[in-house]
Q: 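For reference, the structure I am asking about is given below.
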Amino acid sequence: MPDLIYILTIPLLPLVVFLLLGIAGRNSFNKTGGYIGTLSMLVSTVLSLQLAYGYFFHWGKVNGVYQHFIPYKLTWLDFSEGLSIDLGILLDPITVMMLVVVSFISLMVHVYSLAYMKGEERFGVYYAFLSLFTFSMLGLVLSSNIFQIYMFWELVGVSSFLLIGFYYQKSSAVAAAKKAFIVTRFADLGMLIGILIIAFQAKTLDFTLLIERLGTPGSEWIQQAVQAGFLGWPVISWGLLLVFVGGAGKSAMFPLHIWLPDAMEGPTPVSALIHAATMVVAGVFLVARLFPVYTFSAPGVLEFIAYVGVFSALFAAIIACTQTDIKRVLAYSTMSQIGFMMFALGVSGYGGEEGLGFTASQFHLFTHAIFKALLFLCAGVVIHHVHSNELDAMGGLRKDLPVTHICFLLACLAISGIPPFAGFFSKEEILLAAYEKNKIVFALALFTSALTAFYMFRLYFKIFWFKAFSHHGHHKEGSPVLLIPLCILAVGSISTGFIPFGNFVSGDGKPVHTSLQINFSIAPVLLGLVGILAAAFIYKRERSGGNSTSVIYMITKRKFYIDEVYLFITKKIIFNGIGKPAAWFDKNVVDGLVNFSGTITEKIARSIKKLQSGKVQQYTMLYLAGIIVITLAMLYFFNRI
Amino acid sequence: MMEPGLYHILFLSTALFFTGVYGFFSRRNLITILMSIELMLNSVCLNFIAFNKYVWPGKLDGVFMTLFIIAIAAAEAALAIAIIINLYRSHQTIDVSSGEEMKY
Amino acid sequence: MSGSTIIFYLLALITLGSAMLAVSSRQIFRSAIFLLFSLIGIAGLYFWLQYEFIAAVQIVVYAGGITVLIIFSIFLTAKSGESLPKQKPARLIFSALSVFCGAALVMLQIAGHSFPVFSGDAILPTVGNIGKQMLSTEQGGYALPFEVISMLLLAAMIGCIVIAMRSKPLLK
Amino acid sequence: MNLWLLMFIPLITGIAILAASGSKTIKWISFAGASVQLLTAVVLAWLFWGLKSSGITDDFVFQSDLQWFPAWNIGLHFGVDGISVAMILLTAVVVLAAVLLSWNIESMTKEFFFLLILLSAGAYGFFLSLDLFTLFFFLEVAVIPKYLLIGIWGSGNKTYSANKLALMLMGGSALILVGILTMYFQFPPGNRSFDLIYLSEHPLLPDVQMILFPLIFVGFGIFTAIFPFHTWVPDGHSSAPTAGSMFLAGISMKLGGYGCLRVATFLMPEAAQQYSTAIVVLAAIAILYGAFATMMQTDLKYINAYSSVSHCGFVLLGIGLMTKTAITGAVFQMVSHGLMTALFFGVIGMVYERTHTRRVAEMGGLMKSIPFISAIMFIAGLCSLGLPGLSGFPAEMTVFMGGWQRTETIYRAATIAGCLSIVVTAVYILRAIGSTVMGPLRNEEYLKFGDAAWNEKLAALILVGGIVLMGIAPMLLYKLVEPATENIITNIGGK
Amino acid sequence: MLDFFIYMKSELMVTLIIFVLLIIKLGKGLSNEKLLSLTQVLLLINVIIAALWNNEGSLFGDMFVTNKLIGIQKTILSLGVYLVSLSFPGWCRKSEHLTEFMVLLLSSLLGMYFLISSGNILMLFLAIELSTLPVAALANFDLDKKKSAEAAMKMILSSAFSTAMFLFGTSFLYGATGTIAFSALSVSTSMNGLQLMAFVFLFSSFAFKLSVVPFHLWTADVYEGSPIPVTAFLSVISKAAFSFILVTILYKVLLPLETAWYWLIITLSVTTMLIGNLFALRQANIRRFLAFSSIAQVGFILAGISGGGLTGQTSVTYFILVYLFSNLAAFGVAGVLNDQAGIDDIEGLKGLRQSNPFLAWMMALALFSLAGIPPTAGFFGKIFLLASGASKGPIWFILIAALNMVVSLYYYLKIIRVMFMEKPLLESAAIATDRQVKFSLIICAAGILFAGVFSWVYEFIYRQ
């Protein structure tokens, strides 16, 4: 094993760039900031690839099992005996895989943004934020400590906030940024409490130790943790459930998904990077990271995850069918795909063939990152071209944007699970894993998969077909800088499916055999094709979807009124029900008491002013009265002795 | 009736004292108030003499107290009358209610 | 009932009676005269107690000095025959009440207290004894109070002069 | 190191201010004094560190004991442990920033800076003292100048606020006074002492503790805005001039926390154990209630003031939980909140000087006109909502971590309440920042604003530096504080 | 014989000054200006004499006793009178009867010397009268003011009443114990009905002079009506002297009644603080305000007295010193304002900071000291009083006392607010402050600032 300390440079390079551009990006590096950022990203990517190569092919495997390595660890903050936040690097297959994904997609987005964001007033700042995000995300995937993950989790959240709110003068962007941050923060609350619970049960925050204690079958730690109960569930289950809530927040699982569509207010490359490929899969990554713990300490939670995942997948797919904003459709599709990854984890077992779900989930994560980034970047080109997000403003663009058209089509095929594109392989594995474990989940997933094909091609047709193009004929497709990333990603969408993923990534580090089962694949592929055809049929005419009056359509279009429910809870219950009374209470009761003590004193003072009547005889009468009273008191108290 | 003795004199002087106090409280004319004070001081003198005579004749403390009280009473009365006369000049009355300007 | 007893009660009656009249009479001049009677009554009691020197001082200072001063000031400040304004009944009642309480309290305490019986040689309050002690600086001497009271009288005199001999007319 | 140095520098600065003339001179003198003090504080920390790492195990070092009132056995007993050093550093930083941000004070400059320095002297003395009387003396020194600062240079309903602040704080110190006097007279004549170390070695009877603990704790608690005695905080902070708010929230509220820890808990461990449930409940109420009340505020200073109530609740929570981790967290939170809130108030002051309003609704899009100030405000806000990498995060997390070590339901519930507040915090901070710094530009006039001047920049950078340093390297502070909390914990017999 | 001169040096000196002044008056007389300077010089000498050669001893068969503490107390009184003579040159210059004024003032001072040195009830009585009657006359010295006449009337009548009460009580004490000497009384008093009653009557007279509630009612009216130097004298020097003698009476003479007077004192202490504070809250006149504030202060003095022993004695003496500086500074400022601008009401102080920063800061310092705000000496004074009270007192007592400090802070701050935070009514021009007043104020300020922090002042008193 080589000296791995150089891994530190992978996340630190973007950090340095962030600091440089953050401090001086506005003035000195506003123009050149993009190039600095891209260059550093390139270095990071190369290093990641090199690491991945080394890990997977050279030194990572010992005795046929991929090992955990902790090449670097620094105690960042001590809490107490055994509990400390360490900043460390944990290398295992999923880390390395994620490292590659993050740095690679980030590089693509960096390059793409060079052209896309050109001429922005805050170009340098944009790259600073992008670098901050990349740093945080890299830090997240490298984390060796559950609290470290939480830290980077928060940082990721804030960089997402900054990037969504990049157009800070747009009220909707600010609102979306706030919404994204607050919703995920709320989820993080769950994660935090979950961490507290787990830390208490395992007496450690370190992943390696944690997995050793709570992720090893039959360990006494598990027995202890399972014994203590709260509301009928073992405490550890609660803890893991809460941790999952954190993951669900970032990964936009129902019902914490509401921020994701709004987050599309950010610049499109940002959506590609954060809200499609990397950050939103953090939840999946987190569950995968703690997978042994889930499996052995709280299998019930895992089942729950499966249901949440598949429901989210279906739910999002349904909504995606009716949305008219290109980016929102993609956002819902992202949500849906993450649902796939989630339930894949949920139906997975640990080790051997049982662990297919795990591998499939990670595989899908990998392929999805590539084709979803591609979709977004294409969408960016389209939006750039028509200056609108609305599908109604588009149509027939295949002549104007030939490269984009092709790339988009490839990506759509990939996501729809049409062989031989990348999505097919990963999705197939997921479905297989679900089929073996849970038939209900499998059925829903199958349906969702068909729906995916339908709405993706709805999008595709609406953008590129069925409309005479007239108004935007004069634009060129864009600079090569814009197109190169598309092409690279398109190649990725085609080719990555062929990677024997199971050899590299699995729950226990041992290879999983993932052979393609042709007879199993027939159904999903056919269903996918049906979806595509349906889309082609329905949307070939302009201004289709005339049945927009039907109730179901309306409900779907309004995203099942989830936003309204949230609005009701926040505005009516939290603001008016708690905040206002609290403020009122403070102003009137607590403050009122303070003021009241003042007024009452003044009142008393005023009411006894008559004592000082100005009449000398009254004074002396009081004098005598005083003497009499005191004498009586003295006689009463002291004369009896 | 009993042979008069210490207690008789003490009761007498107490009565006298509180008669003075009553006068102090109830009169409106400043000079009559002053007169009431003289009554009170006199009763005290009587007390001292009675104690000196009946209880502590070994020393003349009571007598000296009385003497000095009488002297002080004179000085006090003189000063009080001067002040009252001055008040009369400024207020044109010696009713005690004239001096109620400062209050509360 | 011996003569001495009769004399005591007579004196007591004069003293207390005229004192009460002095504090209740509506005629200020009469009040002053009743005060004089009361003071003379007390002087009589001193005589009865065989404290002749004190009795003499009482008559000279009080009856001769203070009463005259008061009468003069009555002349200076008001017409002698004029009857005094009536006090508010509430004030009278409260005064009487508080005074009654006070007197009752004190008298009860006096009645409840047994004073010790003196055994030893009594010093007679003769002029000689008083004079000797008054000027003695030794233990039991009263030279210092004597000096102090001289300062007091001086101060009182100066005060009286300044206050009573106001030269300027009143501004307001 | 002679701790008297830390008292002399403000003293000399104060005298120099009184002797100087010309507002520029006065400002530079104050600046110089504050800078030298900061340097001294840093040197102190350095030497302290050296001493600790050389294996000295004394709880308090650099002690110097001077008889002050021998008749009462009162001494000017100075000494520091890690907590005091941290607090002194905090004070030095905040005071320097406050001086810098008062550069625009033109009326009664001399008095202003003198009072500011006097306040700081009070705080230094308070943190240095190991004698309860001296401690109390310095505590009170640091009250009335605040009244004047608010009343004279403040804004809004200032007399009301100043009165409320002074009276409530003095009320608190009255309780403390009663407590320490009674404590003093618990010992037979000849053995009476106000000395902290002596008292910690001769604990009071539990019955007495049960009476005195609430007095002293509530007394100090008022300084830290313990519910329901927190109402001076919003009014006082919002009416105060910038430097006043900075000092109030940054340091003054820490006096209370420090006192609760150092006097109440440290000297009366049995009672502290008994009352810890009550403390924790009150703290949890303060945290949540403060946070919810903040949500409804529309004035930037009120927002920060109420959030201070909430944040200082963490200090009390940490102290009430009485585990080593939680107490360390409380100290962390004191330092963190001190820096962060001072920064926030400083920024609000900068904004107010330009916009002449503090109402959130009347601002918007400031990022466009004053990017530097906006960025600083952003950082302050992020720190407030506990972003990793800034100081709020380690502080809050340490408290939570410590809290969870107490297994009783009520402590767990309180800890969860604390956790919950970080969401609410996010809501109000983002609301505030979203509609001031971000959002559409409300007023074209705003474009004419000049961005931060050198003094503002310097002040902001100093504070941000502190925040970031603590945020990325909390171990530094931890190493400083840990032996002290260890000592407290051993004394009170907690975990 | 030398003893006589040394023990009575202060009394003799004051008598000498009185006679010097009278002789000058009998001669050609001097201009007020010169007379004032002369008096000031003589009083300064008096202060120095009072401060030096203090020793323990007694004269005239224990009628006159002195010791080091009494020496210090006399020094404090002398210093107070010296400061009073410095503080009100405006009033003094205008006065037609300055010699008489000074003579009466000094007579009263003489009375106070005898008061705190008295060893016998007769001396006590004479000293009380000697210290009170001249002040009653002085109260009338604003001859052309109605209020002054009213004040003098109220003072002489109520003090005559209190004298009668004092004597009435004393007569029974004499009757029950057969002695008027303190040394004999301290062993022959005992707890029985008559003596307790006699004690209450006797005590009421001290309470009256100290304006302890409910015997305080004359205070505000007299303070308001009297000439301002007299008010200052009354509120500071007279209170000081009577506090000192009350300590002696309670600690030494009436020791057998301690359990009784202890509870009386703390009850009255609490009542006095409360009532004084409540009345002070709503006063508009500066002098009335200071009157009630001084009543509240007396409540604290009583708290200190309740502690007993050396600490009680020391803390009371020390507090009186501090109180003297603080209150005289306040009265000094009030005097200047009254004299130069005719300001009598708190409203008149509006914006004083802008028009007269020196006066405003002096006033503020004085008020802070009165309120017990560190680092002024008032803080230490109050705390030591409370500590002395706490040495015996129940916790509720100390709690009420401490909370009363907060209430009192409210009204002191009210004045601060008026001076510092309100706009001036008119563009009131700067008021010329006499150099003497400045000097006096600076002495007071120095006292306020340094008598506390420099602990040797307290220690010095403690070690006597």
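Basis for what follows: all heavy atoms, side chains included, without hydrogens, waters or symmetry-related copies. Chain A is the first sequence line, chain B the second, and so forth, proteins listed ahead of strands; every chain is numbered from 1. Quantities reported herein were computed from a predicted structural model and do not represent experimental measurements.
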Q: If you apply the rule side-chain contact (heavy atoms from CB on, under 4.5 Å), what do you find for C/Tyr46 with B/Cys45, and how did you get there?
A: CA-CA 10 Å; C/Tyr46 292 153; B/Cys45 292; 3.0 Å; yes
Q: Using heavy-atom distances under 4.5 Å, tell me whether C/Leu152 contacts chain B through its side chain, its backbone, both, or neither.
A: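 When you check distances to chain B, only side chain atoms of C/Leu152 fall under 4.5 Å.
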Q: How about C/Gln50 and B/Lys53: does a side-chain donor come under 3.5 Å of a side-chain acceptor?
A: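 B/Lys53 and C/Gln50 do have a side-chain donor-acceptor pair below 3.5 Å.
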Q: Does any N or O in the side chain of B/Tyr22 come within less than 3.5 Å of the main-chain N or O of C/Val99, such that one atom is a donor and the other an acceptor?
A: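 Such a contact is absent between B/Tyr22 side chain and C/Val99 backbone.
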Q: Between C/Ile66 and chain B, with a heavy-atom cut-off of 4.5 Å, which part of the residue counts as in contact: side chain, backbone, both or neither?
A: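 The side chain, not the backbone.
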Q: Less than 6.0 angstrom separating the ring centers of B/Phe68 and C/Phe146, yes or no?
A: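 No, ring centres 6.0 Å or more apart.
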Q: By a 4.5 Å heavy-atom criterion (distance strictly below it), what part of C/Phe115 contacts chain B: side chain, backbone, both, or neither?
A: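 Both backbone and side chain.
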Q: With a 4.5 angstrom heavy-atom cut-off, is it the side chain or the backbone of C/Leu49 that approaches chain B, or both, or neither?
A: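 For C/Leu49, heavy atoms of backbone and side chain both lie under 4.5 Å from chain B.
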Q: Using non-hydrogen atoms and a 4.5 Å limit, figure out which bit of C/Phe53 sits close to chain B: side chain, backbone, both or neither.
A: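 For C/Phe53, the contact with chain B is made by the side chain alone.
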Q: Do you know which of B/Phe51, B/Tyr54, B/Phe11, B/Phe64 has the most heavy-atom pairs under 4.5 Å to chain C?
A: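 Answer, by heavy-atom pair count under 4.5 Å with chain C: B/Phe64.
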Q: Quick one: what part of C/Met157 sits under 4.5 Å from any heavy atom of chain B, side chain, backbone, both or neither?
A: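 No part of it gets close to chain B.
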Q: Between C/Tyr9 and B/His8, what is the ring plane arrangement, given parallel below 30°, perpendicular above 60°, and tilted in between?
A: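 Judged by the thresholds at 30° and 60°, the geometry between C/Tyr9 and B/His8 is perpendicular.
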